[in-house]
Amino acid sequence: MGTADHRTGEHNVHHDAHHGVEPPALRRDDWERPSSTSRAEMAADRIADLVARTEPGARLGTKDELRTECGVSVGTFNETLRLLQARGLVTVRPGPGGGLFAAAGPPRTRRLGAWAEELDARHPEDALRIRDALDPLLVEDALWHASPADLAALRGDLGALADAADSVDAPGFARAERQLRTRLAAIGPSAMLRSLYGGLLAVIEPFVGTADADTLHALYERHAALIDALDARDRAAALRLVATSVG
């Protein structure tokens with residue numbers, strides 16, 4: 001089907017050119033990303049859904065079992081595995097009892113825990129300033145790595161934000177926002193960025209839990225617009241949103 005579509009498109013371009021009509025300009029997605037989701041990406045999204053329903057560190061199956069379930073070739077599944085590992089979603093263990101496992105996430109070492117505890121929670125503005133400086137990095141990673149399953153999960157978190165904002169439940173909103181931001185950070189491939197960002201969120205959560213109704217609704221609207229921008233791969237809009245101050 002892809003070959004037939006390609007030939008048809010090629011014929012249309014030559015036909016338009018022959019009649020003096022310019023072919024339509026390429027969109028940003030046409031030259032920055034594949035025009036359609038590849039079989040490897042579709043298989044990666046399917047396994048990402050499985051990871052989302054699995055306890056961290058749990059076994060997902062052998063490579064052959066998961067490849068058969070996804071219905072792809074060995075070469076395609078190797079590309080699928082590369083995509084999943086780049087997103088930090090799975091780990092591979094060789095030998096008997098090995099296979100693919102849901103990523104357990106970066107370990108909370110004593111050093112990282114000590115760093116988080118030393119942050120002065122009485123002055124969360126410092127943590128807020130650093131978090132806001134890191135947001136563009138998370139957005140850049142999400143623009144390249146977010147799968148349809150990632151975006152669906154973010155929209156699920158957005159529903160919890162909306163409920164908390166409507167009921168003016170500031171502590172509940174803070175918990176839901178931390179979950180959404182943690183999920184956003186998990187999309188990118190950098191374990192260091194996820195760890196640093198997660199430590200900041202722990203300090204900031206009590207501060208967000210004191211926000212008033214207007215601030216909660218403004219925060220919700222910005223998160224909703226950001227997810228729409230990520231879904232549309234609109235880099236300018238996404239970066240503009242994280243640079244906008246609320247409250």
So, Asp135 versus Tyr197: side-chain donor-acceptor pair below 3.5 Å or not? yes

Distance check, rounded to the nearest 0.5 Å: [X] atom [atom1] versus [Y] atom [atom2]?
X: Arg67; Y: Ser73; atom1: CZ; atom2: OG; result: 7.5 Å
X: Thr62; Y: Arg93; atom1: OG1; atom2: CZ; result: 14.5 Å
X: Leu200; Y: Arg131; atom1: CG; atom2: CZ; result: 8.5 Å
X: Asp49; Y: Thr54; atom1: CG; atom2: OG1; result: 10.0 Å
X: His217; Y: Asp212; atom1: NE2; atom2: CG; result: 10.5 Å
X: Arg222; Y: Leu161; atom1: CZ; atom2: CG; result: 11.5 Å

Would you say [X] and [Y] make side-chain contact, with heavy atoms under 4.5 Å?
X: Leu193; Y: Asp141; result: yes
X: Tyr220; Y: Leu158; result: yes
X: Pro189; Y: His145; result: yes
X: Arg46; Y: Glu69; result: yes
X: Leu184; Y: Leu230; result: yes
X: Leu128; Y: Val203; result: no

Working note: Val139 + Leu226, criterion side-chain contact (heavy atoms from CB on, under 4.5 Å); need CA distance, chi angles, decisive distance, verdict. CA-CA 9 Å; Val139 165; Leu226 175 60; 4.1 Å; yes

Report the C-alpha distance between Glu140 and Arg235 in whole Å, list the side-chain angles of each, state the deciding distance to 0.1 Å, and finish with yes or no for side-chain contact (heavy atoms from CB on, under 4.5 Å). CA-CA 8 Å; Glu140 293 280 12; Arg235 179 176 180 271; 2.7 Å; yes

Considering the options Arg183, Arg181, Arg178, which one meets the side-chain hydrogen bond (donor to acceptor under 3.5 Å, both in side chains) requirement together with Asp157? Arg183

How far apart are the closest heavy atoms of [X] and [Y], and which atoms are they?
X: Leu154; Y: Leu180; result: CD2-O, 3.7 Å
X: Ala40; Y: Thr80; result: O-OG1, 3.0 Å
X: Ile187; Y: Ala142; result: CG2-CA, 4.0 Å
X: Ala133; Y: Pro136; result: O-CD, 3.4 Å

Evaluate the criterion side-chain contact (heavy atoms from CB on, under 4.5 Å) for residue pair Val208 and Thr215; output intermediate values, then yes/no. CA-CA 9 Å; Val208 177; Thr215 300; over 6 Å; no

Should Leu138 and Leu196 be counted in the same cluster of Ile, Leu, Val, Met, Phe, Trp and Tyr side chains packed under 4.5 Å apart?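 Looking at the clustering, Leu196 is in the same group as Leu138.
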
Leu151 reachable from Leu241 in the ILVMFWY side-chain graph, under 4.5 Å edges: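 Yes, one cluster joins them.
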
Taking Gly188's backbone N and O only, do any of them form a donor-acceptor pair with Arg194's side chain (distance below 3.5 Å, no angle check)?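 Indeed, once roles are kept as given, a pair shorter than 3.5 Å links the two residues.
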
Asp231 side chain to Asp228 main-chain N or O, any donor-acceptor pair under 3.5 Å? no

For Leu81, which fellow cluster members are found when Ile, Leu, Val, Met, Phe, Trp and Tyr are connected by side-chain heavy-atom distances below 4.5 angstrom, either directly or through intermediates?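 Once heavy-atom contacts under 4.5 Å are chained together, Leu81 belongs with Ile47, Leu50, Val51, Leu60, Leu66, Val72, Phe77, Leu84, Leu89, Val90, Val92, Leu100.
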
Remaining members of hydrophobic cluster (4.5 Å side-chain criterion), Phe101: none

Throw together a table of side-chain donor-acceptor distances under 3.5 angstrom for residues 169-177, partners on residues two or more places apart or in other chains.
{"from": "Asp169", "atom 1": "OD1", "to": "Gly172", "atom 2": "N", "distance (Å)": "3.0"}
{"from": "Glu177", "atom 1": "OE2", "to": "His223", "atom 2": "NE2", "distance (Å)": "2.8"}

